[in-house]
Amino acid sequence: MSDLQVAPPRGMRDYLPDQLRPRLEVIERMRRIFELYGFQPLETPAMERLEVLSGKYGEEGDKLTFRVMKRGAELKRALKEVGKEGSGPDTLADLGLRFDLTVPLARVVARYGASLPRPFKRYQIGPAWRADRPQHGRYREFIQCDVDIVGTDSSLADAELIALTIDVLTDLELPPFEVRVNHRGLLTALSTACGNPPERFFDFCAALDKLDTTGREGVESEMRDRKLETAKLQELWELADMRTYIDNSSGLNQLVDYVSNFVEDAPGGKEFLGNLIQVLEFVDWLHTPSEMVMFDPALARGLDYYTGPVFEVVMRDRSMASIGGGGRYDELIGIFSGKPVPATGTSFGLERIVDLMVEHGSLVTKLKTATVQILAIEGGVDFVRFSGRILKFLHGKNISCELPYRIDSKLGKQIQTADKRGVQFVIIIGPDELREFGIKVLYEEFPIEAAKVTVKRLADGVQRQLTLDELVAWVKEPIPESPDSVG
RNA sequence: GUGAGUGUAGCUCAGCUGGUAGAGCACCAGGUUGUGGCCCUGGUGGUCGUGGGUUCAAGUCCCAUCACUCACCCCA
């Protein structure tokens with residue numbers, strides 16, 4: 001072996017068959033529900049022009065975007081600029097790997113505008129890249145499962161996405177989780193009501209967002225560091241303490257009253273609150289388990305582009321960071337198209353979901369390969385002729401089947417190898433079978449399904465002499481569970 | 001970007017206060033001629049992440065470097 005580093009790049013993974021299968025299964029199950037709700041698939045390139053990505057995710061987002069170098073003459077020219085005044089990380093780059101799937105969607109909507117149906121309901125499942133430092137549940141390449149509704153400002157759309165989120169995760173039988181909901185506008189009003197100027201809003205969010213992890217002291221010092229107004233902290237704590245699941249109607253009313261008073265004088269405060277209440281009401285009417293939904297007035301979420309209701313999925317035992325979330329972003333598309341288009345969306349992190357399921361043993365990774373494998377006791381042209389016709393026949397019956405490439409090892413060895421690969425049945429062909437059918441199969445008019453072969457079911461070792469038609473029927477029977485009886 | 005921990009066979013790891021490497025699993029070959037999952041026997045496989053230093057002698061001590069893991073930040 002050479003000294004070449006053969007591990008994948010930091011934070012990125014290879015998926016061997018056993019790991020990939022459950023991932024694909026989870027994707028299939030999610031896709032089914034997306035379609036159930038009437039969403040349509042979309043795919044966009046892995047890369048975007050750098051200017052499309054820049055400035056959409058906040059300062060941190062720009063830093064974590066993977067940049068792709070310019071090429072050819074452009075690169076030569078750019079290299080001369082390096083170090084000069086005004087040159088920066090973008091001097092050498094003109095493309096970037098997408099940071100999420102929402103911004104590419106916004107770009108698509110701006111590009112194809114009128115030709116898309118309105119509302120445009122689309123889902124997209126594909127990788128996104130962030131140059132973050134990897135840790136538990138965090139990768140540099142990860143699959144996002146994004147579901148968005150473009151072209152309506154209806155609160156029903158927001159509510160529907162929350163309902164769908166819970167549906168999907170419930171269907172996957174995830175360990176206990178809950179959805180926390182808040183409203184970005186409400187946070188703005190809160191920040192204003194605390195006495196902060198509008199431009200400090202993102203600092204306010206960042207500080208407040210720490211409440212769960214660092215507690216009050218953490219938030220307070222964070223606010224001081226960021227030079228935010230701390231006069232109304234006491235009220236803020238009271239407010240945060242009142243967060244409640246929405247099935248608790250008295251608690252909810254109390255919270256709503258408190259928020260209402262808090263943001264009374266802040267511009268738009270009451271409307272935002274009304275808007276959020278509407279969403280929560282719709283969530284309930286969509287038959288979503290309301291004990292899983294919490295109104296958390298301190299929930300902030302990081303991405304810059306959110307403007308309305310926002311929500312986040314958290315595990316009740318905190319064994320994993322947020323596995324999904326979303327919100328309304330009514331201004332993002334306008335950046336690309338010039339005219340505002342309302343939109344709202346949700347997204348799931350496939351890696352985190354699959355990791356959780358694996359950790360909780362709810363995903364059984366089972367080996368699987370061809371159902372039937374044909375084994376040879378003796379080599380030679382006749383074997384290939386005979387088994388070639390069997391192969392073709394079984395494929396025609398939609399039964400996966402493969403041939404061995406080595407026919408010189410012992411039969412026991414071959415069976416063992418087949419079993420390890422997850423093969424369920426083996427057909428054994430040796431001198432006896434070849435003697436009886438070896439010549440006949442040369443004639444196309446000889447019905448191959450009439451040929452009798454020796455078939456062994458590996459799960460329980462039962463072995464039979466069957467025609468291929470009988471074999472097909474046997475393969476379709478349920479496979480016995482206990483493999484302890486030796487055949 | 002900040003902090004902590006780990007780095008010994010394909011995998012999981014052992015190797016006490018320094019004396020030139022071990023186990024289990026996996027893999028390969030056998031336990032007589034067309035039959036697996038148990039058992040038994042034998043075997044392949046490691047310049048102990050990399051580079052430098054201390055020492056008669058380093059996997060074991062020191063420095064550097066890289067990689068991985070975890071936490072902060074941020075998020076899926």
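All values derive from a computational prediction rather than experimental measurement.
Look at the P atom in both B/C25 and B/U47: the space between them is 23 Å, to the nearest Å. Distance check on atom C1': B/G45 versus B/G24 gives 15 Å, rounded to whole Å. Distance noted for atom P between B/G49 and B/A21: 15 Å (whole Å). The separation of B/C72 from B/C16, taken at their P atoms, amounts to 34 Å, rounded to a whole angstrom. With both ends at atom P, the span from B/U2 to B/A64 equals 15 Å, rounded to whole Å. Spacing of P atoms, B/C70 relative to B/U12, comes out at 14 Å, to the nearest Å. Taking atom C1' in both B/G51 and B/G43, the straight-line distance is 35 Å, to the nearest Å. Across the C1' atoms, B/G19 and B/C61 are found 14 Å apart, a figure rounded to whole Å.
Not counting sequence neighbours, the partners of A/S87 by the side chain to side chain contact (heavy atoms under 4.5 Å, CB included) test are A/T91. Residues satisfying the ring-ring contact (aromatic ring centres under 6.0 Å, His included) test with A/Y139, not counting sequence neighbours, are none.
Distances were taken from every side-chain heavy atom of A/T214 (C-beta onward) to each of B/C73, B/A76, B/G36; the shortest belongs to B/C73. Checking B/G36, B/A76, B/U2 against every side-chain atom of A/L458, the shortest atom distance belongs to B/G36. For A/E60, counting side-chain heavy atoms from C-beta on, the closest listed nucleotide (B/U35, B/A76, B/C73) is B/C73. Distance from the side chain of A/S322 is smallest for B/A76 among the nucleotides B/U35, B/A76, B/C73. Comparing B/A76, B/C73, B/A71 by their closest approach to the side chain of A/T213 singles out B/C73. For A/I415, the listed nucleotide lying nearest its side chain is B/G36; candidates were B/G36, B/G34, B/G31. Of the candidates B/U35, B/G37, B/C73, B/G37 carries the atom nearest the A/Q416 side chain, counting heavy atoms from C-beta on. You'll find that the side chain of A/L411 is closest to B/G34, out of B/G36, B/G34, B/A76. Each of B/C73, B/G37, B/C68 was ranked by its minimum atom distance to the side chain of A/D419; first place goes to B/G37. The side chain of A/R10 sits closest to B/C68 out of B/C68, B/U35, B/A76.
A/Q40 CD: 12 or fewer foreign heavy atoms inside a 6.0 Å radius.
Using a 4.0 Å heavy-atom cutoff across all strands shown, A/Q144 reaches sugar-phosphate atoms only and no base atom. Within the 4.0 angstrom heavy-atom criterion, no nucleotide atom of any strand lies near A/D100. Residue contacts shown for A/G61 are absent, as no nucleic acid heavy atom lies under 4.0 Å away. A/K413 comes within 4.0 angstrom of the backbone, heavy atoms only, and of no base. Nucleic acid contact for A/I353: none, since no nucleic acid atom lies under 4.0 Å from a heavy atom of the residue.
Judged by ring centres under 5.5 Å apart and planes tilted less than 30 degrees, A/F142 stacks against the six-membered base ring of B/A76.
Using cut-offs of 30° and 60° on the angle between ring planes, the pair A/F348 and A/F34 is parallel.
If you measure from atom CD of A/Q465 to atom P of B/U35, you get 15 Å, rounded to the nearest angstrom. Counting to the nearest Å, the C1' atom of B/C68 and the OH atom of A/Y139 are 13 Å from each other. When the P atom of B/G34 is taken as reference, atom CD of A/E436 falls 21 Å away, rounded to whole Å. Look at CD on A/E59: it is 12 Å from P on B/C74, rounded to the nearest Å. The separation between A/L64 atom CG and B/C72 atom P is 16 Å, rounded to whole Å. The interatomic distance linking A/K56 (NZ) with B/C74 (C1') rounds to 19 Å, in whole Å. Note: CZ (A/R140) to P (B/C74) measures 18 Å, nearest angstrom. Nucleotide B/U69 holds its P atom 13 Å from the CG atom of A/D132, rounded to whole Å.
Side-chain contact check for A/D148 and A/Y329: at least one donor-acceptor pair (N or O, by modelled atom type) lies under 3.5 Å. A/Q124 and A/T44 share a side-chain donor-acceptor pair at under 3.5 Å. With hydrogens and angles left out, the side-chain atoms of A/S319 and A/D317 include a donor and acceptor closer than 3.5 Å.
Remark: RNA chain B forms stems of 3 or more consecutive Watson-Crick or G-U wobble pairs, all pair distances under 3.5 Å, at B:1-7 with B:66-72, B:10-13 with B:22-25, B:27-31 with B:39-43, B:49-53 with B:61-65.
The backbone N or O of A/E470 lies less than 3.5 Å from a partner atom in the side chain of A/T467, making a donor-acceptor pair.
The base of B/U35 has none of its N or O atoms less than 3.5 Å from a complementary donor or acceptor on the side chain of A/Q414. Side-chain to base pairing of A/E433 with B/G34: one donor and one acceptor N or O lie within less than 3.5 Å of each other. With hydrogens and angles ignored, a donor-acceptor pair closer than 3.5 Å exists between the side chain of A/R133 and the base of B/U2. Counting atom types as modelled, A/R138 pairs a side-chain N or O with a base atom of B/C74 as donor and acceptor under 3.5 Å.
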Report all side-chain donor-acceptor pairs from residues 164-171 of chain A shorter than 3.5 Å, counting only partners two or more places apart or in another chain.
{"residue": "A/T165", "atom": "OG1", "partner": "A/L161", "partner atom": "O", "Å": "2.7"}
{"residue": "A/T165", "atom": "OG1", "partner": "A/T346", "partner atom": "OG1", "Å": "3.1"}
{"residue": "A/D167", "atom": "OD2", "partner": "A/Y37", "partner atom": "OH", "Å": "2.8"}
{"residue": "A/T170", "atom": "OG1", "partner": "A/I166", "partner atom": "O", "Å": "2.6"}

For residues 428-435 of chain A, which side-chain donor-acceptor pairs fall under 3.5 Å, sequence neighbours excluded?
{"residue": "A/E433", "atom": "OE1", "partner": "A/G430", "partner atom": "N", "Å": "3.0"}
{"residue": "A/E433", "atom": "OE2", "partner": "A/T454", "partner atom": "OG1", "Å": "2.7"}

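Phosphate contact (OP1/OP2 of B/A71, side-chain N/O of A/Q135, threshold under 4.0 Å): present. Here A/K420 does not reach the OP1 or OP2 of B/A26: none of its side-chain N or O atoms lies under 4.0 Å away.
RNA chain B is contacted by both A/G11 and A/E351; A/G11 maps to the nucleotide lying nearer its 5′ end (nearest heavy atom per residue).
Residue pairs meeting the salt bridge (charged side-chain N to carboxylate O under 4.0 Å, His left out) criterion with at least one partner in residues 43-57 of chain A, sequence neighbours excluded, are A/E48-A/R107.
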